[in-house]
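Position 1 is the first residue of the sequence, and the numbers go up from there. Given the structure is predicted, the values throughout are model-derived calculations rather than measurements. All heavy atoms count here, side chains included; hydrogens, waters and symmetry mates do not.
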Amino acid sequence: MGTAALALGLVPTLASPPSEVLRIDPGTESVALARAMRYLRDRSLELDAATAVRKARAGEFQPLPRGRPVFGFQRGAFWFFLRIENADPWEPRVRGRGGCSHCP
C-alpha cells in the first residue's frame, strides 16, 4: 500500500485540518476527488512546489468552496493538494482525470 500526495500549481490562508486520505480500494472504477481535495490561493505568485507541499502538510490549505474546484478567472495562482492511498496491491498505477466534462 502506498500513499501519494499531489500538489499542482496553476496560478493569507486560514489553517484547516490536513486533507483526508482518499482510499482507492480494489475494484474501484472511479471516485470523486473533491471531498479530499484542498486548495491554497497564492495571490503573490511567489510560492514554489516545495513550499506549497509544506503548507499543505501543515494544514494551511482549505477545503474546496462548496465542494467544487470551480474558481472562475481570478488573479494569482491556485495550488491543489490531495492525499491518495492505493489499497490495491495488484494495480500499482492509478490514473487521474479532471472533474470536468471536457477533460480526457
Once salt bridge (charged side-chain N to carboxylate O under 4.0 Å, His left out) is applied, do any residues pair with Asp25, and if so which ones, sequence neighbours excluded? Arg23
Rounded distance (nearest 0.5 Å) linking atom OG1 of Thr28 with atom CG of Asp88: 8.0 Å
Looking only at heavy atoms, which two atoms of Arg35 and Arg38 are closest? And how far apart? O-NH1, 3.4 Å
Gln74 versus Arg41, side-chain donor and acceptor atoms under 3.5 Å: yes
Sorted by chain and number, sequence neighbours left out, side-chain contact (heavy atoms from CB on, under 4.5 Å) with Arg54 holds for Thr51
Partner residues of Ser44 under the side chain to side chain donor-acceptor pair (under 3.5 Å) criterion, sequence neighbours left out: Asp42
Leu64 versus Phe80, closest heavy-atom pair with distance: CD2-CE2, 4.1 Å
Nearest heavy-atom contact between Ala36 and Leu22 is CB-CB, 4.0 Å
Nearest non-hydrogen partners of Val21 and Glu85, listed with the distance: CG1-CB, 3.6 Å
d(Asn86 CG, Ile84 CD1) to nearest 0.5 Å is 9.0 Å
Leu47 to Lys55 - nearest heavy-atom pair and separation: CD2-CE, 3.8 Å
How far apart are the closest heavy atoms of Pro63 and Tyr39, and which atoms are they? O-CE2, 3.2 Å
Spatial distance of atom CZ (Arg43) from atom CZ (Phe78) [nearest 0.5 Å]: 7.5 Å
